[in-house]
S.K.: 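Please see the structure below; I have some questions.
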Amino acid sequence: MGVAIRTAGEEDRELLVRLLDEAFQDDPVSGWVFPGAEYRRATHHRLMGAFTDIVLAGGRIDVTEDGSACALWMSVPADDHGAGDPADDEGPARVRRAVDPENERVEMISRLTAGVHPTGRAHEYLWMIGVVPGRQGEGLGTALIDSVLERCDREGLPVYLEASSARSRLLYERLGFLPAREPLRLPDGPRMWPMWREPRTP
């Protein structure tokens, strides 16, 4: 049986933020940005809200009909140099001010990932994908990604992402992603794996 997927809208914001907050509570990178379970439970949802707002405004969010999983996508044009030059982008600072002004890691994570983001070639960027804890391992994430990969293959577009855990990196490898560069090691924290997938010809 297939997974029913639709495009989310502004009316889905609360659902999306709650879903992403639950999905990433135990993620290594979220744990680095918001160290300590109590602090993370109190604050993490605000970062997920900021990410949701950015992608609702400039990208696309796919969500399963039952609201158990979602994927945040941005289309990056070939001439978008901002993704690779964080010094020119005040976005990370604005997110920090909105989410948790005293936490420099909120801004740092955005600047570090922007600094390794590939430039010079149009691609789809999988900003993040979340599945609620009780539904992980059921293939929902794969279904969300596959629908976009099929389109990218038809259109000749590559896809980029950063895997935030060893488990997710293995999933992406099975879908045809390869390392885009050396892993990004967060200061005194975990690694992230920039990954790239070339379009497959029919």
Side-chain angles (χ1 to χ4, degrees), residues 1-13 15-30 48 51-78 80 83 113 116-119 121-181 183-184 191-202:
M1 190 171 78
V3 177
I5 298 169
R6 63 179 176 83
T7 301
E10 292 287 346
E11 68 279 4
D12 296 301
R13 184 186 185 278
L15 163 70
L16 297 167
V17 173
R18 184 172 62 248
L19 190 168
L20 292 169
D21 184 37
E22 292 177 11
F24 284 92
Q25 277 291 321
D26 295 326
D27 180 78
V29 174
S30 289
M48 298 300 101
F51 288 166
T52 298
D53 291 339
I54 290 168
V55 181
L56 280 173
R60 191 186 73 257
I61 301 180
D62 293 334
V63 61
T64 57
E65 281 287 1
D66 64 2
S68 59
C70 68
L72 283 63
W73 295 94
M74 297 290 280
S75 295
V76 181
D80 185 349
T113 54
V116 300
H117 197 119
T119 59
R121 189 171 173 198
H123 60 276
E124 287 292 311
Y125 174 35
L126 178 56
W127 187 316
M128 61 194 318
I129 184 167
V131 181
V132 294
R135 302 292 306 278
Q136 292 173 4
E138 296 182 16
L140 299 175
T142 299
L144 282 166
I145 298 171
D146 271 345
S147 64
V148 175
L149 294 185
E150 290 171 6
R151 175 178 61 80
C152 288
D153 288 345
R154 290 193 306 270
E155 298 177 1
L157 277 174
V159 182
Y160 174 74
L161 57 83
E162 300 105 6
S164 62
S165 70
R167 177 183 174 184
S168 63
R169 181 188 62 168
L170 292 175
L171 164 67
Y172 299 133
E173 286 176 348
R174 289 197 298 271
L175 294 172
F177 287 85
L178 297 172
R181 48 156 288 151
L184 174 64
R191 288 181 294 174
M192 298 181 75
W193 290 269
M195 305 185 78
W196 183 266
R197 180 187 182 275
E198 287 290 335
R200 295 176 174 173
T201 55

S.K.: Identify the two heavy atoms, one from Ser68 and one from Leu140, that lie closest to each other, and give their separation to 0.1 Å.
M.R.: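 Scanning both residues, the minimum pair turns out to be OG-CD1, 3.3 Å.
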S.K.: To the nearest 0.5 Å, what is the distance between CG (Leu19) and CD1 (Ile61)?
M.R.: 10.0 Å
S.K.: Check whether any side-chain heavy atom of Tyr160 sits under 4.5 Å from a side-chain heavy atom of Pro194, and report yes or no.
M.R.: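 Side-chain contact under 4.5 Å: yes.
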S.K.: Would you compute the distance between atom CD of Glu124 and atom CD1 of Ile145 and round it to the nearest 0.5 angstrom?
M.R.: 13.0 Å
S.K.: Taking the side chain as every heavy atom from C-beta outward, state whether Trp193 and Glu173 have any pair of such atoms under 4.5 Å apart.
M.R.: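 No - every pair of side-chain heavy atoms lies 4.5 Å or more apart.
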S.K.: Roughly how far apart are Met74 CE and Arg60 CZ, rounded to 0.5 Å?
M.R.: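 One gets 11.5 Å once the value is rounded to the nearest 0.5 Å.
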S.K.: Quick one: are Leu184 and Glu162 in side-chain contact, heavy atoms under 4.5 Å?
M.R.: no
S.K.: How many angstroms lie between CG in Leu161 and CZ in Arg197, if you round to the nearest 0.5 Å?
M.R.: 10.5 Å
S.K.: Considering only heavy atoms from C-beta outward, does the side chain of Ser165 approach that of Pro28 to under 4.5 Å?
M.R.: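 Yes, their side chains come closer than 4.5 Å.
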S.K.: List the atom of Ile5, the atom of Ser147, and the distance in Å for their closest heavy-atom pair.
M.R.: CD1-OG, 4.4 Å
S.K.: Any side-chain heavy-atom pair from Glu150 and Asp153 closer than 4.5 angstrom?
M.R.: no
S.K.: State which residues pass salt bridge (Lys or Arg N to Asp or Glu O under 4.0 Å) with Asp12; sequence neighbours excluded, sorted by chain then number.
M.R.: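 Salt bridge (Lys or Arg N to Asp or Glu O under 4.0 Å) check on Asp12 returns Arg6.
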S.K.: Can you tell me how far CZ of Arg151 sits from CG of Asp146, rounded to the nearest 0.5 angstrom?
M.R.: 13.0 Å
S.K.: For atom CG of Asp26, is the number of surrounding heavy atoms from other residues, nucleotides or ligands below 6.0 Å larger than 12?
M.R.: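 Atom CG in Asp26 is not packed in, count stays at 12 or less.
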S.K.: Any idea how Trp127 and Phe51 line up, ring-wise: parallel (<30°), tilted (30 to 60°), or perpendicular (>60°)?
M.R.: tilted
S.K.: Quick one: CG on Asp21 to OG on Ser30, what's the gap to the nearest 0.5 Å?
M.R.: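 Atom-to-atom, Asp21:CG and Ser30:OG are 8.5 Å apart.
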S.K.: Would you call the rings of His117 and Tyr125 parallel, tilted or perpendicular, where under 30° means parallel and over 60° means perpendicular?
M.R.: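 Answer is perpendicular, since the angle exceeds 60°.
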S.K.: Begin with the C-alpha distance, continue with both residues' side-chain angles, and end with the deciding distance and a verdict on side-chain contact (heavy atoms from CB on, under 4.5 Å) for Thr142 and Arg174.
M.R.: CA-CA 10 Å; Thr142 299; Arg174 289 197 298 271; 5.8 Å; no
S.K.: Are any side-chain N or O atoms of Gln136 and backbone N or O atoms of Val131, one a donor and one an acceptor, separated by less than 3.5 Å?
M.R.: yes
S.K.: Do Arg169 and Arg191 have side chains that approach each other closer than 4.5 Å (heavy atoms only, starting at C-beta)?
M.R.: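 Counting from C-beta outward, Arg169 and Arg191 never come under 4.5 Å.
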S.K.: Show your reasoning for whether side-chain contact (heavy atoms from CB on, under 4.5 Å) applies to Trp73 and Thr7.
M.R.: CA-CA 11 Å; Trp73 295 94; Thr7 301; over 6 Å; no
S.K.: Any non-hydrogen side-chain atom of Ile129 less than 4.5 Å from a side-chain atom of Tyr172?
M.R.: yes
S.K.: Any idea which heavy atoms bring Cys70 and Leu20 closest together, and the distance?
M.R.: SG-CD2, 3.6 Å
S.K.: Check whether any side-chain N or O of Thr52 sits under 3.5 Å from a backbone N or O of Arg13 as a donor-acceptor pair, and report yes or no.
M.R.: no
S.K.: Under the salt bridge (Lys or Arg N to Asp or Glu O under 4.0 Å) criterion, do Arg135 and Glu22 qualify, and how do the steps go?
M.R.: CA-CA 11 Å; Arg135 302 292 306 278; Glu22 292 177 11; over 6 Å; no
